[in-house]
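Values in this document were obtained by computation on a predicted structure and should not be read as measured data.
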Amino acid sequence: YVLSCKRNRWDFMRGVREAFEDIPTEQRVSAREMTDMLQMLCPDFPLELVLNAAFLCGDETKPKFHSLLHAVFVRFYFAEFLERIAKVFSTCDTRGSGQVNRNVLCLT
């Protein structure tokens with residue numbers, strides 16, 4: 001339900017900001033802790049999305065709350081776009097090398 005349209009995503013993000021506004025931005029949280037917090041507001045919020053957002057924050061096991069929440073919002077709001085881009089990239093990465101073959105990209 002939360003992912004069904006942009007308005008629902010935007011409203012959920014607003015609700016999360018309001019619910020967690022008292023948490024210090026420098027507070028460090030793990031992906032599991034962030035998932036638990038988000039699941040208090042939306043019980044089926046996906047752990048995978050938060051793990052992916054934590055990966056975007058770098059190598060830290062416990063990124064700053066503000067950084068992780070921002071990454072979760074980006075990953076959450078643009079989920080459909082990022083999934084489509086990942087599909088296009090994997091199609092263009094014909095050798096599985098992590099690099100795009102320009103010729104394949106032009107044909108796609």
Go through the steps for Leu38 and Val50 under the test side-chain contact (heavy atoms from CB on, under 4.5 Å), then give the verdict. CA-CA 9 Å; Leu38 292 168; Val50 180; 3.9 Å; yes
Quick test of your reading: applying salt bridge (Lys or Arg N to Asp or Glu O under 4.0 Å), list the pairs with at least one residue in residues 25-43, sequence neighbours left out, ordered by first then second residue.
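Residue pairs passing salt bridge (Lys or Arg N to Asp or Glu O under 4.0 Å), neighbours aside: Glu26-Lys64, Arg28-Glu60, Arg32-Asp36, Glu33-Lys62.
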Quiz item: Which residue pairs pass the salt bridge (Lys or Arg N to Asp or Glu O under 4.0 Å) test when at least one of the two sits in residues 70-84, sequence neighbours left out?
Solution: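 Non-adjacent pairs meeting salt bridge (Lys or Arg N to Asp or Glu O under 4.0 Å): Arg9-Glu80.
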Query - Qualifying residues under side-chain contact (heavy atoms from CB on, under 4.5 Å), relative to Lys87, sequence neighbours excluded - result: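 By the side-chain contact (heavy atoms from CB on, under 4.5 Å) rule, Lys87 matches no residue at all.
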### Task
Could you list the residues that satisfy side-chain contact (heavy atoms from CB on, under 4.5 Å) with Ile23, not counting sequence neighbours?
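Phe20, Gln27, Met37, Phe65.
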Return the set of residues passing ring-ring contact (aromatic ring centres under 6.0 Å, His included) with Phe73 (not counting sequence neighbours), or none when no residue passes.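 Scan of Phe73 (ring-ring contact (aromatic ring centres under 6.0 Å, His included), adjacent residues dropped) gives none.
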- Query: Can you list the residues that meet the side-chain hydrogen bond (donor to acceptor under 3.5 Å, both in side chains) rule with Arg7, with sequence neighbours excluded?
  - Reply: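 So Arg7 forms no side-chain hydrogen bond (donor to acceptor under 3.5 Å, both in side chains) with any residue.
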Joint hydrophobic cluster, Leu51 plus Met34, side-chain heavy atoms closer than 4.5 Å |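 Unlinked, Leu51 and Met34 end up in two clusters.
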Counting only N and O atoms by type, is there a donor-acceptor contact under 3.5 Å from the side chain of Ser67 to the main-chain atoms of Pro63?
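Checking the backbone N and O of Pro63 against the side chain of Ser67, no donor-acceptor pair under 3.5 Å is found.
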Worksheet item: So how far is it from Asn52 CG to Leu47 CG, rounded to the nearest 0.5 Å?
Response: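 Between atom CG of Asn52 and atom CG of Leu47 there are 11.0 Å.
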Quick one: does Phe45's side chain get under 4.5 Å of Val72's, heavy atoms only?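 Yes; the side chains approach each other to less than 4.5 Å.
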Quick check: do Val74 and Leu56 have side-chain heavy atoms less than 4.5 Å from each other?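 Result no, sub-4.5 Å side-chain heavy-atom pair not found.
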Exercise. Anything under 30° is parallel, anything over 60° is perpendicular, the rest tilted; go ahead and classify His70 against His66.
Key: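 If you compare the ring of His70 with that of His66, the planes turn out parallel.
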